[in-house]
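For reference, the structure discussed in these notes is given below.
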Amino acid sequence: MSWDWLEPFLAVVGLAVLTLVTRSFFMIPEREMPLPDWLKRGLKYAPLAALTAVIAPEVFMSQGEFITTLKDARLPAVLCASAYYFWRRGILGTIVVGMLVYLPLHIGWGW
């Protein structure tokens, strides 16, 4: 009998338990845990920091290296999408504008 299934099974169960414990950590105490004001202010920026950490490498790097040429479709797409966002403050429009610039440059011109 092969035991190849055991390692992935234990990994999934372990990750499920870890997720359950970390997500319920703030619900375990009976009373609210006091947080310092500086931490409360800092936690307001955590989602933006996480989003930036995910998106920035995708925009400015290609295969683990920084982009060294301006002939990359991601750069004009990000510039146009950012300009639209600062003009209209709409997320859906930002995505649409970015894709309308990116797709023709990437698929059409091969950037």
Could you note down all residue pairs passing side-chain hydrogen bond (donor to acceptor under 3.5 Å, both in side chains) where residues 36-46 supplies at least one of them, sequence neighbours left out?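 Matches after skipping sequence neighbours: none remain.
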Do any pairs count as a side-chain hydrogen bond (donor to acceptor under 3.5 Å, both in side chains) and have a residue in residues 1-15, sequence neighbours left out, and if so which ones?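 Only S2-D4 qualify under side-chain hydrogen bond (donor to acceptor under 3.5 Å, both in side chains).
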In terms of hydrophobic clustering (I, L, V, M, F, W, Y; side-chain heavy atoms under 4.5 Å; direct or indirect links), are F60 and L51 co-clustered?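 Yes, one cluster joins them.
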Which residues end up grouped with W109 if you chain together Ile, Leu, Val, Met, Phe, Trp and Tyr wherever their side-chain heavy atoms are less than 4.5 Å apart?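 Same cluster as W109: V101, L105, W111.
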Excluding sequence neighbours, so at least two apart, what forms side-chain contact (heavy atoms from CB on, under 4.5 Å) with I107?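 Per chain and number, I107 pairs via side-chain contact (heavy atoms from CB on, under 4.5 Å) with L103.
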Residues 68-86 side chain polar contacts: donor-acceptor under 3.5 Å, at least two apart:
from: T69; atom 1: OG1; to: K71; atom 2: N; distance (Å): 3.1
from: D72; atom 1: OD1; to: R74; atom 2: N; distance (Å): 3.0
from: D72; atom 1: OD1; to: R74; atom 2: NE; distance (Å): 3.2
from: D72; atom 1: OD2; to: R74; atom 2: NH2; distance (Å): 3.0
from: R74; atom 1: NH1; to: E58; atom 2: O; distance (Å): 2.7
from: R74; atom 1: NH1; to: M61; atom 2: O; distance (Å): 3.0
from: S82; atom 1: OG; to: V78; atom 2: O; distance (Å): 2.8

Tell me, yes or no, whether the heavy-atom count around R89 atom CZ, taken from other residues, nucleotides or ligands under 6.0 Å, exceeds 12.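 Yes, CZ of R89 has more than 12 neighbouring heavy atoms, counting only those of other groups under 6.0 Å.
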Taking distance alone, no hydrogens or angles, what donor-acceptor pairs closer than 3.5 Å link side-chain atoms of residues 11-22 to residues at least two apart or in another chain?
from: T19; atom 1: OG1; to: L15; atom 2: O; distance (Å): 2.8
from: T22; atom 1: OG1; to: L18; atom 2: O; distance (Å): 3.0
from: T22; atom 1: OG1; to: T19; atom 2: O; distance (Å): 3.2

Give the minimum heavy-atom separation between T94 and G90, together with the two atoms involved.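 T94 and G90 have their closest heavy atoms at OG1-O, 2.5 Å.
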